[in-house]
Amino acid sequence: MKRKTTISLTIAALLSLSGMVYAANHVFFSFIVGTFSAGPIGVAGSPDTLFATQFCDPQLLSIDCVTGLPSPIATIPGFPSGQCMERYMIVAPLVSATAGFTPRDVFVTQGNDIFKFTQPAGPLVSFTSLPACGDDHTGITFDHVGTFGNDMILSCKNGTIWKVDNLPGGPHAFLVATLPINIENEGPAVAPSPSFGTYGGQILVTNDNDAVNAIRNDGFVTLNAFVTGAGTGPESVQVIPQTLCTFCSNGTFFQAVEAGGFGSFPGLYEYFPADFAGFGGDILVPCEGNSQIVRIHWNGSSYDMFFFDAIVGGLLEGSGFIDCNIPSPTPTPTPTFTPTPSATFTPTATATFTPTATATFTPTATATFTPTPTATATATPTPTPTPTTTPSRVSQITPTGTTCSQFSNGTAQTLANLNYSVGNDGKIKQNVTPGVFFYWVKVTVPAGNNSFTITQTITTGNFTGLFNFTSGSSAYNPNCGNVSTTITQDPTTFAVTVQFNAPTAGTYIIGVKYDSKSIVGLPAPSPGTTVHYDFATTGVPGSTSGLDLIKN
């Protein structure tokens with residue numbers, strides 16, 4: 001946004017929005033100040049990484065999850081230190097792979113140019129350039145919804161909105177729409193569909209006319225879809241995820257403050273999952289002009305606007321939620337743990353079976369093990385707990401909102417069916433309910449790298465539609481704590497592969513969240529209207545759980 005030389009904040013401004021009784025609890029997390037005492041601009045992260053950019057220093061910073069201390073890890077080329085620019089950033093999510101991107105790559109804007117940083121150590125290189133996009137304020141995001149092909153979305157100061165893929169021969173840039181110029185478009189996001197109503201699935205982008213504009217994928221523009229109020233200076237649009245992740249068990253949402261006053265400081269402020277309870281699918285609009293953050297909610301027929309929080313005196317810039325759809329790094333541990341099992345299991349088997357069998361059966365077995373009834377009695381209770389625990393909770397399909405702990409302790413409800421309707425065109429309508437569901441499975445694994453494949457099969461033969469997995473899927477340790485997980489899906493078979501690193505041997509839990517609306521728009525089932533699905537984990541006995549798709 002335009003640089004503000006003064007910040008005026010009045011109680012009236014804070015009270016201008018409804019919902020003042022609610023206020024989130026922000027905490028100062030990372031002090032970042034550089035040349036000219038300027039703070040951070042862009043921020044983006046995943047459960048294991050958090051990055052930031054600065055206003056007057058062309059550096060990419062990595063933020064420590066315990067101390068909050070920033071460490072420069074790369075210099076953004078093109079401008080020397082002291083060149084103040086609003087450099088925004090995003091980390092490529094798993095869904096962007098369909099558009100040719102490599103998940104976990106970090107992208108940073110600098111005027112017309114977009115740079116790419118490959119984790120963990122680079123290099124930072126030029127990715128693409130949009131001529132005449134503008135000398136500053138270029139916004140960036142990825143389409144998580146799919147209405148723009150899971151492409152990268154860029155908003156330009158000159159009013160143009162672009163989508164970019166990275167398919168073979170890429171990157172390819174496509175002009176989506178052109179808005180009125182000189183309104184400093186910033187902070188785009190694709191609104192969730194259909195939960196965000198009229199503007200669901202559209203690009204929402206802020207401008208310096210104190211409003212948010214909406215852009216459909218056919219280029220149709222709705223100016224001033226939301227007006228935040230005179231002088232608010234909306235800075236970005238942030239979608240509140242249905243499933244929240246945290247950065248190293250810290251915050252789930254981070255707000256960059258470029259300059260402080262009235263008790264605020266330049267740096268990153270964090271918010272916690274409790275601040276967003278019940279708000280999944282809404283959007284946040286941080287505002288630079290009055291230090292407020294606004295929440296916008298679709299109530300089923302219209303939009304409500306609420307006050308969310310204010311970092312009093314703070315010059316709000318970029319912000320972002322920790323993205324659950326960004327996979328954890330597994331390539332590094334894979335080569336490390338592959339040789340370890342070989343070295344460990346070979347000598348163990350040799351040492352165990354050679355001396356033990358000889359020593360036990362030659363001198364002792366005949367005399368000592370004569371009272372065999374003791375051994376028989378010991379073996380009798382062993383099979384008793386086995387059938388009790390294994391068949392009942394090896395796997396389960398559950399509704400939205402189920403937690404790992406509920407599945408683990410046996411209190412989760414089973415979801416027996418999904419419901420759908422058919423439109424006049426003979427295709428499945430949008431109202432598939434519930435909108436998401438979970439498949440849970442327990443797996444017993446050794447320490448190290450593990451991989452499991454979860455299949456879905458239609459047993460009724462009257463339909464071909466299978467389900468995509470979505471954010472909120474993960475592997476968990478025996479105490480239901482998240483472990484580093486990479487999840488991929490075969491685009492042809494829809495089989496989901498879950499890879500994770502087990503710090504210790506034990507029984508781990510996998511929870512895959514599926515998008516029920518993956519089948520929307522497909523021809524209705526025939527013959528018959530009910531479809532039966534079986535979900536199973538290859539190599540895990542008792543892991544098959546079924547689900548029916550039933551017509552309303």
Side-chain angles (χ1 to χ4, degrees), residues 41-42 44-46 49 51 53 58 60 73-79 85-179 185-190 201-205 215-219 236-237 318 320 323 325-327 329 331 488 491:
I41 292 292
S46 66
T49 56
F51 301 100
T53 56
L60 178 63
I73 55 173
T75 298
I76 304 166
F79 291 92
M85 297 183 67
E86 296 192 2
R87 302 171 175 94
Y88 293 102
M89 62 188 308
I90 198 72
V91 183
L94 190 61
V95 295
S96 71
T98 61
F101 292 90
T102 301
R104 293 183 63 82
D105 280 353
V106 182
F107 294 88
V108 181
T109 70
Q110 187 171 252
N112 293 327
D113 299 316
I114 294 89
F115 296 92
K116 181 180 74 172
F117 176 82
T118 301
Q119 298 191 57
L124 192 151
V125 298
S126 175
F127 173 68
T128 192
S129 183
L130 299 176
C133 177
D135 58 1
D136 205 354
H137 305 286
T138 304
I140 186 169
T141 192
F142 274 98
D143 167 28
H144 281 68
V145 178
T147 47
F148 292 85
N150 299 123
D151 288 353
M152 175 188 290
I153 306 296
L154 296 165
S155 61
C156 294
K157 180 179 179 180
N158 68 2
T160 55
I161 307 295
W162 300 80
K163 67 174 187 174
V164 179
D165 68 33
N166 196 33
L167 296 171
H172 308 95
F174 303 90
L175 180 65
V176 177
T178 301
L179 284 69
N185 300 287
E186 286 184 291
V190 178
Q202 299 190 32
I203 297 172
L204 302 180
V205 62
I215 302 99
R216 291 194 319 224
N217 56 10
D218 62 0
S236 68
V237 174
D323 191 346
N325 194 239
I326 297 171
T488 57

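The residues of the chain are indexed from 1 along the displayed sequence.
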Just so I know, are the side chains of [X] and [Y] near enough to count as touching, which here means a heavy-atom distance under 4.5 Å?
X: K116; Y: T102; answer: no
X: P327; Y: R104; answer: yes
X: I76; Y: R87; answer: yes
X: S46; Y: D323; answer: no
X: Q202; Y: I215; answer: no
X: T53; Y: T109; answer: no

What do the steps show when you test V108 against Q110 for side chain to side chain contact (heavy atoms under 4.5 Å, CB included), and what is the final call? CA-CA 7 Å; V108 181; Q110 187 171 252; 5.7 Å; no
So, the side chain of D165 versus the backbone of A99: is there a donor-acceptor pair under 3.5 Å, distance only?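 Judged by distance alone, no pair lies under 3.5 Å.
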Does the plane of the ring in F101 sit parallel, tilted or perpendicular to the ring in F127? Use 30° and 60° as the thresholds.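 If you compare the ring of F101 with that of F127, the planes turn out tilted.
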Please name the pair of heavy atoms, one in F79 and one in P58, separated by the smallest distance, quoted to 0.1 Å.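 Smallest interatomic distance, heavy atoms only, reads O-CG, 3.2 Å.
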Residue pair F142, I90: steps toward the side chain to side chain contact (heavy atoms under 4.5 Å, CB included) verdict: CA-CA 8 Å; F142 274 98; I90 198 72; 3.6 Å; yes
Hey, are D135 and K157 close enough for a salt bridge, meaning a charged N less than 4.0 Å from a carboxylate O?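 Answer for the salt bridge query: yes.
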Side chains of S129 and D113, donor plus acceptor under 3.5 Å: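 Yes, side-chain donor-acceptor contact under 3.5 Å.
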